[in-house]
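Following: one structure in structure tokens, then a few remarks.
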Number of protein chains: 2
Amino acid sequence: MHKYSKQTRILVAVDCIIFGFDGNELKLLLIKRGFEPQKGHWSLMGGFVEPGESMDAAANRILLKLTGLDKVYMEQLYAFGNPERDPLERTISVVYFALLDLNKYKDQLSDQFQAAWFPLKKIPKLIFDHHDMVNMARAKLRYKASLHPILFELLPEKFTLPQLQNLFEEVYNTSFDKRNFSRKILSTGLLLKLTEKDKDSSRKGAFYYKLDKKHYKANFHNILRFIPNPNDFI
Amino acid sequence: MHKYSKQTRILVAVDCIIFGFDGNELKLLLIKRGFEPQKGHWSLMGGFVEPGESMDAAANRILLKLTGLDKVYMEQLYAFGNPERDPLERTISVVYFALLDLNKYKDQLSDQFQAAWFPLKKIPKLIFDHHDMVNMARAKLRYKASLHPILFELLPEKFTLPQLQNLFEEVYNTSFDKRNFSRKILSTGLLLKLTEKDKDSSRKGAFYYKLDKKHYKANFHNILRFIPNPNDFI
DNA sequence: CATTATAGGTGTCAAAATAACACTTATTAA
DNA sequence: TTAATAAGTGTTATTTTGACACCTATAATG
């Protein structure tokens with residue numbers, strides 16, 4: 001079993017930063033930690049990596065446990081390895097972040113974990129170095145979303161341009177000119193206009209769009225300039 | 001010591017992908033593995049994370065052992081955690097990549113590890129999943145260098161515009177128009193023109209430049225478009 | 001039924017950035 | 001003196017950008 005006999009084995013955890021958009025605000029899914037140390041404090045959803053389980057598998061297992069769903073956009077963010085980060089025992093945490101449409105998962109959160117959505121502006125005190133993780137994830141989200149069409153993962157399948165712009169404005173904490181915004185977004189060819197309108201948020205109604213999946217996948221890695229000067233908004 | 005008593009502890013390694021530029025080619029520093037399994041095969045420089053040591057500290061220790069130097073540009077790339085990746089025992093590897101001026105370190109490589117530089121086009125067979133690591137690092141280098149002035153880390157303190165262009169062309173395996181290239185690079189304000197010329201590579205000689213360190217640090221995170229369509233070159 | 005309030009949707013223009021393109025210059029070796 | 005070589009530079013047409021203001025569709029109101 002232990003073939004590299006002289007080496008020290010270390011606890012490895014996975015923590016998930018789960019971003020959700022409710023159509024208005026960008027939020028984070030947090031849980032009340034169920035065991036010591038720091039039992040009862042707010043925390044990212046995490047767990048230890050099990051034998052025979054890859055990092056991705058661990059992250060997906062944890063996400064499934066919390067939200068009840070898989071097939072959510074998720075990517076590895078960073079490995080946090082400060083030896084003091086967990087005061088009880090040295091633990092390395094490999095952090096993932098996920099993006100999802102909050103409304104889709106609202107009613108199926110596992111009660112077991114006392115999970116709750118918090119607006120990014122009102123994050124409670126978190127355990128350990130979880131604030132550092134969240135900050136890095138926010139920076140990464142902004143960075144990546146300024147270049148790649150990643151924010152669609154936070155929206156429902158059908159969405160309107162005002163909703164999309166609202167999401168961008170929420171992420172970058174600024175506002176954009178709607179004429180320039182729609183020109184830039186539509187020029188990517190990623191969106192298909194539907195005939196149906198959303199009549200909930202205005203009298204006139206706003207046309208729904210959906211992603212042109214084929215185009216989306218093909219162009220996902222292309223570098224687009226969604227945000228003029230992303231660093232102005234950090 | 002083991003407070004989370006029911007959890008499995010795992011071996012954690014750090015592997016370093018060390019890119020070096022010799023003025024002509026982009027190369028990778030590899031070693032002959034000194035222990036089983038796969039003893040004698042080419043490998044990235046790596047080692048196990050020690051108790052009380054952070055990930056960054058482990059990566060720097062490993063780099064120091066191999067090249068004899070610290071203060072080299074290095075960043076974390078990804079945590080590789082496929083449970084089968086090391087056939088002897090499950091090991092998670094947190095991978096870092098470093099950029100350095102190959103000529104600066106040429107003569108001080110530790111003999112102990114039988115280290116050698118390999119052009120990226122002629123990488124030998126590597127152990128485990130080290131090829132995946134290298135491929136991810138190359139993609140990351142291209143991605144990042146298309147947006148940020150990161151390639152200067154591969155050059156000596158004084159360098160000429162033709163040398164810099166040559167490096168970009170090596171990284172992207174293409175060629176650029178030198179008029180447009182120099183316009184774009186100089187427009188960043190990152191470079192200071194020196195009065196001295198490099199007379200080695202031409203009769204006329206090419207002016208040396210150096211980084212304007214202050215400007216470099218202030219603008220490092222800004223997104224610049226060094227490469228028109230980076231994805232065309234992947 | 002006419003009016004009003006509201007958010008959605010669209011076009012122009014000047015400025016800036018880009019990509020394509022070719023000639024002159026400095027220097028050394030012959 | 002000449003020839004060879006790589007360095008260095010400027011123009012133009014096209015595209016992209018950012019700033020800006022008005023009209024439209026609809027539901028609610030009186």
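Throughout, protein chains are lettered first and strands after them, A, B, ... in sequence-line order, and every chain is numbered starting at 1.
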Hey, which of these two, A:Gly205 or A:Asp177, hits DNA chain C nearer its 5' end, going by closest nucleotide? A:Gly205

Do the rings of A:Phe176 and A:Phe181 sit parallel, tilted or perpendicular, given the 30° and 60° boundaries? parallel

Determine the interplanar angle of the B:Phe168 and B:Phe226 rings, folded into 0 to 90°, and report it as parallel if under 30°, tilted if 30 to 60°, perpendicular if over 60°. tilted

Without decimals, in angstroms, what is the distance between [X] [atom1] and [N] [atom2]?
X	N	atom1	atom2	answer
B:Lys204	C:dA26	NZ	C1'	5 Å
B:Asp200	D:dA7	CG	P	12 Å
B:Tyr208	D:dA7	OH	P	12 Å
B:Gln163	D:dA6	CD	C1'	13 Å
B:Phe159	D:dA7	CZ	C1'	16 Å
A:Phe176	C:dT10	CZ	C1'	20 Å
B:Leu186	D:dG8	CG	C1'	11 Å
B:Gln165	D:dA6	CD	C1'	12 Å

Which nucleotide in the list [options] gets nearest to the side chain of [X]?
X	options	value
A:Arg183	C:dT25, D:dG18, C:dA19	D:dG18
B:Asn180	C:dA19, C:dA7, D:dA19	C:dA19
B:Ser182	D:dT9, C:dT10, D:dA7	D:dT9
B:Pro162	C:dA29, D:dA25, D:dA7	D:dA7
A:Arg179	C:dT10, C:dT28, D:dA7	C:dT10
B:Lys178	D:dG8, C:dA29, C:dA7	D:dG8

So, does the side chain of A:Arg203 form a donor-acceptor pair with the base of C:dA5 at under 3.5 Å? yes

So, is A:Lys184 near the phosphate of D:dG18, with a side-chain N or O under 4.0 Å from OP1 or OP2? yes

OP1, OP2 of D:dA27 versus side-chain N and O of A:Lys199: anything below 4.0 Å? yes

By the 4.0 Å heavy-atom rule, please label A:Ser201 as base, sugar-phosphate, or nothing. sugar-phosphate

When you check the gap from the basic side-chain N to the acidic O, do A:Glu75 and A:Lys144 get nearer than 4.0 Å? yes

Charged N to carboxylate O under 4.0 angstrom, B:Glu169 versus B:Lys178? no

Is the terminal nitrogen or CZ of A:Lys27 (NZ for Lys, CZ for Arg) located under 6.0 angstrom from the six-membered ring centre of A:Phe118 and within 45° of that ring's axis? no

